[in-house]
Amino acid sequence: MHIIDIITKKRDGGILTAEEIKFFIEGYTKGRIPDYQISALLMAIYFKGMTNEEATNLALFMRDSGDIFNLDSIEGVKVDKHSTGGVGDKVTLVLGPLLAYHGAKVAKMSGRGLGHTGGTVDKLESIPGYQVELSVEDFKKQVSEIGLAIVGQSGDVAPADKKLYALRDVTATVDSIPLIAASIMSKKLASGADAICLDVKVGHGAFMKTVEEATNLAELMVNIGKLAGKKMTAILTGMDEPLGHKIGNGLEVYEAIETLSGKGPKDLVDVTVEIGAHLLIQSKIESSFEVAKEKLHNTLDNGLALNKFRELIVAQHGDPSIIERKEELLSNKTVEFKSTENGYIETIDALKIGVAASRLGAGRETKEDVIDLFVGIDLHKKIGDRVQKGDVIATLYVNEKGVDEALALMKQAVNVGPNKLSIDLIKKTIQ
Ligand code: URA
């Protein structure tokens, strides 16, 4: 087999066989095929697309390029969720304890943030002492004992994806639905859960700008997961404004604690409960979706899952008194962003808000950047809220960096106008 024939076939719109996909994935991962030929192939895939079967094979061979976790020793259905990346998305921090409280087994490997989207691992590191690295044995033991572990990616998961993603990043081939689907699913399939709920974000702040594109991506990922023997659900949720009020690492842990105490913002609660209900059904803990949702709402309203969050922190060597001292998760230097007009908030561009938080130091521009865990943005107003001139729209928790730039971005991101708009948050479910 020759790589040039594979490139030619895809360039001309052909369908690659499983053997051809295996050949280029293995050849690239092991350094036998150079970047320039894989770049050409990626561009051909970008323009000609892939069938479901090709994308599934791509995901499976990328999964097989590294470690695959076996969680069979943990009793019950192991559940996982994945978000395609949003701003202010702290769902995992609330959902994990909530599901574990209801008896589910949540085995979650999370990532770090890059660019305008945050990462759960960085957020958890704002808790003093919290260890994001556990051995695989300790990870499994913890999920068995308390129903929940949230750790960083350990081992060498899908190295083919790591290499391909880095190449896609510099060859303008990230935005390809089959490549995104195979990339995400290769890692999800390697992490060993039995049931996976995907939260595919749609809107300004997301990879997918339209419901149509997001539907195609979600359907493809659900198909790939099912073909690999997993129970799959995807929901499409809006990312036209950040989720919840707080953006930034410690700030998001703060908001997760509030949400687990029954004082969470409606949009964050609704997305968490929706994903949670799907995973309780797939775990066979509940049989009615509506009943599952009602129970999850009640648990949050009554603060019943907060203790699970405490157990998680203790199990991962963190200091649980942060729950009572949550003000320490916020920088003590603040700047206010005020309205210059009367009217309603019409837009809060999630992408720009994410970039603003990143400029304050909450995010990384490159993998090597050190982030400031206690800076970020607290949006007091959301789309549809009334504001008067002089009202504080947001408080910026700041340190030394980026205040003027962040304020300028906030100004571009937030629009006040005469229209009271409402947002359609949960747009679609794909199973
Ligand atoms: N996230 C991933 O893991 N891969 C992609 O290709 C895009 C988003």
Side-chain angles (χ1 to χ4, degrees), residues 21 24-25 28-29 38-39 41-43 45-47 49-50 52 54-68 80-87 89 91-92 108-122 152-191 193 196-210 213-225 228 230 232 234-237 239 350-351 354 363-364 367:
I21 293 171
F24 88 73
I25 289 295
Y28 186 52
T29 314
I38 297 299
S39 302
L41 179 58
L42 288 171
M43 194 55 88
I45 293 172
Y46 181 91
F47 282 114
M50 280 185 140
N52 279 359
E54 286 177 291
T56 303
N57 283 326
L58 182 59
L60 295 179
F61 291 123
M62 290 204 294
R63 172 199 67 183
D64 294 344
S65 67
D67 296 340
I68 300 174
D80 191 5
K81 63 81 73 166
H82 180 81
S83 154
T84 58
V87 176
D89 184 352
V91 168
T92 296
K108 183 85 187 90
M109 289 183 193
S110 291
R112 293 193 182 274
L114 189 62
H116 73 281
T117 60
T120 301
V121 164
D122 295 324
Q153 201 75 258
S154 69
D156 194 17
V157 171
D161 175 63
K162 261 186 215 121
K163 226 177 147 184
L164 273 180
Y165 193 86
L167 191 60
R168 285 167 58 207
D169 214 17
V170 293
T171 54
T173 51
V174 168
D175 289 357
S176 147
I177 286 178
L179 293 177
I180 295 174
S183 163
I184 291 175
M185 290 308 294
S186 66
K187 291 168 286 199
K188 288 286 110 187
L189 297 177
S191 61
I196 301 164
C197 184
L198 304 166
D199 180 5
V200 179
K201 300 290 184 192
V202 196
H204 296 129
F207 266 116
M208 299 291 117
K209 308 293 180 207
T210 66
E213 282 177 321
T215 303
N216 290 341
L217 176 65
E219 284 178 352
L220 183 52
M221 292 196 289
V222 164
N223 255 317
I224 293 173
K230 306 290 181 188
M232 296 294 304
I235 62 170
L236 266 52
T237 65
M239 192 31 73
L351 176 60
R364 296 182 183 82
K367 277 190 190 149

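As the structure lists them, so they are numbered: ligands from 1, and atoms in each ligand from 1. As a basis for the values below, the full set of heavy atoms in this structure was taken, side chains included, without hydrogen atoms, waters or symmetry mates. The structure displayed is predicted, hence computed values, not measured ones.
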Test of proximity, Lys187 against ligand 1: N or O pairs below 3.5 Å: yes

Protein residue, atom and distance nearest to atom 4 (N) of ligand 1, heavy-atom basis: Ser183 OG, 2.6 Å

Heavy-atom nearest neighbour in the protein, as seen from atom 8 (C) of ligand 1, with distance rounded to 0.1 Å: Phe207 CE1, 3.4 Å

Sub-4.0 Å heavy-atom contact, Ile180 with ligand 1: yes

Exam field: side chain Lys163 to backbone Tyr28, donor-acceptor pair closer than 3.5 Å: yes

Could you tabulate the donor-acceptor pairs under 3.5 Å formed by side-chain atoms of residues 213-221, not counting sequence neighbours?
residue, atom, partner, partner atom, Å
Glu213, OE1, Lys209, N, 2.9
Glu213, OE1, Thr210, N, 3.3
Thr215, OG1, Val211, O, 2.6
Thr215, OG1, Lys428, NZ, 3.1

Interatomic distance, Ser39 atom OG to Arg168 atom CZ [nearest 0.5 angstrom]: 12.0 Å

Salt-bridge criterion met for Asp199 and Lys81 (N-O under 4.0 Å): no

Those atoms of ligand 1 less than 4.0 Å from some heavy atom in Tyr165: 4 (N), 5 (C), 6 (O), 7 (C)

Ile184 neighbourhood, listing ligand 1 atoms whose heavy-atom distance to it stays under 4.0 Å: 1 (N), 2 (C), 3 (O), 4 (N)

Residues Asp161 and Ser186: side-chain donor-acceptor under 3.5 angstrom: no

